Amino acid sequence: MLPPPEPVAALAARLADVDERIDGALRQAGREPGDIVRIVVTKFHPARLVADLVQLDVGDVGENRQQELSAKRAELPELDVRWHFVGQAQTNKARAVRAAASVVHSVDRARLADALDAAADADTPVLDVLLQVNLTDDPARGGVQPEGLEALAEHVAALRTLRLRGIMAVAPLDEAPASAFARLHTYSDRVRSVAPDAKWISAGMTADFPEAIIAGATHLRIGSAITGPRPIRG
Ligand SMILES: *Cc1c(COP(=O)(O)O)cnc(C)c1O
């Protein structure tokens, strides 16, 4: 077979490099290599990049804007890949998010959970959701404040068409990721006291995924380290 064209080779090299670093951190944490879901966040990149990633055996991709997610799915209808929605969702976009995503990482209020639940028709598959927790005091960063976690977990766990899988967070800008992710682990314990099967911890981006792995992350959301720098948004 001919070698792939240069851009795919460069993508493959970055992917291999990140995966090696992931396995190194897993070993350091006493975990098995490969014992994690690595989601490649493709926001602002063209749909073509997702197709290239799938050629490289990537099975999980992430988007943070509903319109972009829906557009890429429409452009790549046959692609065998799980789409993760990791961005802030407006309640009035819940139906579109639900139609396009297999997993929603960013449920941070009961109203959004209700809207996602109400968007299911009789034959809509159950939707995996995570609760986004805010690790800062700034409401603009998104996520439920830790005080509200148990109540939100109880609310979501009672919705028939959603399956509560765990929690998600973005590291603060002004705190070492290791300490923030250690806190996140205690929040995960609190959610599991309400919903014992909600074991997923979605944490770790380009700048901090090794720390997230050490703190027990089960799902990484890695963008630019794999995709290269994001194009300027048009
Ligand atoms: C963009 C984004 C990522 C990936 O960011 P990188 O720093 O490029 O790895 C992860 N999570 C969320 C919620 C994002 O919006």
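Indexing begins at 1, ligand by ligand and atom by atom, following the structure's order. Because the structure is a prediction, the values reported are computed rather than measured.
The existence of a salt bridge linking D17 and R14 is excluded, since no basic side-chain nitrogen approaches an acidic carboxylate oxygen closer than 4.0 Å. A salt bridge links D52 with R48; the closest basic N to acidic carboxylate O contact falls under 4.0 Å.
The ring-ring contact (aromatic ring centres under 6.0 Å, His included) contacts involving residues 90-140 comprise H84-H105, where partners must be two or more places apart or lie in separate chains.
Of all the heavy atoms in Y187 and V133, the pair that sits closest is CD1-CG1, 3.8 Å. Closest of all the heavy-atom pairs between R73 and A99 is NH1-O, 4.1 Å.
Note that CG of L26 is 8.0 Å distant from CD1 of I214, once rounded to the nearest 0.5 Å.
Contact residues for ligand 1 (protein heavy atom closer than 4.0 angstrom to any ligand atom): V41, K43, N64, V86, M205, T206, R221, I222, G223, S224, R230.
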